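In what follows, chains are A, B, ... by sequence order, proteins preceding strands, each numbered from 1. In this text the structure is predicted, and so the values were computed from the model without any measurement.
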There are 2 protein chains.
Amino acid sequence: MPLPHSATARGPRQHDVYDTLRHAILNGDLRPGEGLSETKLAAQFGVSRTPVRDAVRRLSDDGFLRVVPQVGTFVAPIQLTAVADSQFVRETLECRTIRLAAERLDPVQASALDRHLAAQERAVAANDAAAFFAADEAMHADLIRIAGRPAVWNLILDVKAQLDRVRCLSLESADWLAMIFDQHRVIIERTRARDADGAEAAMRAHLRSVFDAIDRIAATNQEYFEDTPADPAR
Amino acid sequence: MPLPHSATARGPRQHDVYDTLRHAILNGDLRPGEGLSETKLAAQFGVSRTPVRDAVRRLSDDGFLRVVPQVGTFVAPIQLTAVADSQFVRETLECRTIRLAAERLDPVQASALDRHLAAQERAVAANDAAAFFAADEAMHADLIRIAGRPAVWNLILDVKAQLDRVRCLSLESADWLAMIFDQHRVIIERTRARDADGAEAAMRAHLRSVFDAIDRIAATNQEYFEDTPADPAR
DNA sequence: GCTTGTACGCTAGTATACAAGTTTGTTGAC
DNA sequence: GTCAACAAACTTGTATACTAGCGTACAAGC
């Protein structure tokens, strides 16, 4: 692979600018179509244009920004086709790795999975969405690590960002968290039972239900989206 | 996704520097561990450091270069774990898309696939490895397009680069091309028959045999490789 | 001879100045 | 009033100067 960003050393400033902007875009603080200026960003962050340019370039590679030469830099619209493609890639990879995880699971790893579930349960009880999704990510990452393909998680993270961008448009209800948690329990239960077929089916159902929710969010926030495929002439 | 590099506008100079270096690394003209200097590269290409830096940063993201701050930029070693991960991702995605292609194939698309095969047959007859692999790539890309996930090909291209880097270490024999061609014929034949299971099996066998060859190349060129996983401290 | 301190040259990171191009607002003529 | 031409204020792209840190060579001291 080396999966994106996995092998890159960055200075602390570049890191800060990149992470801050990325977070702002994912959270929706910066809205699709909104214009950015490298000069203003540089002043805002208290650095020169060079590290800002590096961050902008990277975000452009990630698909979060669109740089138009001599015109400006804009927050990229959310392309529904790209979101669907991300879902496809994630589902394909995670449904394969969960099978491997089910076949390879050892007791130590199993208890680690239980700890993730416990953390999620606490987050559900506290209705703490941020904590829940942190434990959610950690569990998915661990499953892929158990499958023996830790680097694949980096790729998942990349494509997942497109999905998260839509997800962040809506607030999660307690009911929603509880439903996701139940799905996670089934996945872990089937994995612990070394039932590759069952684990894959549970994972697929889980990812699909998340995607369906994303689709519903998209339907009610169409102003943020652009469903035309990439313009080949740009 | 937006899959890597798909949405980026680059000036012609950046493009040239990036493509030239990437090609040189893939071809082995630049060997793993070899040091590069942004200043020297800038002089070499007749541009300033800024566009060179952009190209270097991108190549670093791709995993082809390793930038050590205040020390230097080096051609990244080929990590065998990364190659194996690339194989895993490619196999997982293409085995899924070939099923979809088999289910969706229409007559126009079928004849396009036949043209790819014909081009490959001519390349085999002429023992023209470059032409063969061009037609090879076009066929794989078309299959993914037929599956309805054209953007996934960009991702495949990214991970495939790691595999190609190893493949380029060895010259392809006529026998080898003929064997690959036969595998392609089976894949297309099963796809045309709308036999998703058969097409997937053929694709998996094909990709595995390519990977086995890559493994053999690696075994006889160990001086180029580094099989330690990424150093988490770097 | 070996170790250690130091100075020099290299690197990438950063800041800034300039060039090229687009958009936009204004101003003038019709 | 409308439209065209022009100019000013933006934008990113590029080039260059400077900073900070690392590595090495070399010399001084033990």
_Ion pair check, B:Asp54 and A:Arg53, cut-off under 4.0 Å_ = yes

*asked:* If we check side-chain contact (heavy atoms from CB on, under 4.5 Å) with B:Arg22, which of these qualifies: B:Asp62, B:Asn27, B:Leu30?
replied: B:Asp62

*Atom CG of A:Leu41 to atom P of C:dA15: distance rounded to whole Å?*
14 Å

*Whole Å only: how far is the CZ atom of A:Phe45 from the C1' atom of C:dT14?*
16 Å

*Got a salt bridge between B:Lys160 and B:Glu137, using NZ or NE/NH1/NH2 to carboxylate O under 4.0 Å?*
yes

*Roughly how many Å is it from CG in B:Asp54 to P in C:dA12, rounded to a whole number?*
14 Å

*asked:* Side chain of A:Pro51, heavy atoms from C-beta onward: which of C:dT14, D:dG13, D:dT14 has the nearest atom to it?
replied: C:dT14

*N/O (side chain, B:Arg49) to phosphate O (OP1/OP2, C:dA12) under 4.0 Å*: no

*Nearest-Å distance, CD (B:Gln70) to P (D:dC22)?*
7 Å

*Value in whole Å for how far the P atom of C:dG13 lies from CZ of B:Arg57*: 11 Å

*Take the C1' atoms of the five end pairs on each side of the helix from C:dG1-D:dC30 to C:dC30-D:dG1, derive the two axes, and give their angle rounded to 10 degrees.*
10°

*Are a donor atom and an acceptor atom from the side chains of A:His140 and A:Asp136 found within less than 3.5 Å of each other?*
yes

*Before accepting this row, confirm whether a basic side-chain N of the pair B:Asp61/B:Arg57 lies closer than 4.0 Å to the acidic partner's carboxylate O.*
yes

*Within a strict 4.5 Å, meaning less than it, do heavy atoms of the B:Leu163 and B:Val159 side chains meet?*
no

*Would you mind reporting whether B:His184 and B:Ile180 have side-chain heavy atoms less than 4.5 Å apart?*
yes

*A:Ser48 or A:Val71: which one's nearest nucleotide on DNA chain C is closer to the 5' end?*
A:Ser48

*Kindly confirm or rule out a cation-pi arrangement of A:Arg216 over A:Phe211, judged by NZ or CZ under 6.0 Å from the six-membered ring centre and within 45° of its axis?*
no

*Rounded to whole angstroms, how far apart are CZ on A:Arg53 and C1' on C:dT16?*
14 Å

_Check for me whether B:Arg58 meets the cation-pi criterion with B:Tyr18, that is, NZ or CZ under 6.0 Å from the six-membered ring centre and within 45 degrees of the ring axis._
yes

*Can you sort out which residues in residues 32-40 of chain B have a heavy atom within less than 4.0 Å of DNA chain C? Ascending by number, please.*
B:Leu36, B:Ser37, B:Glu38, B:Lys40

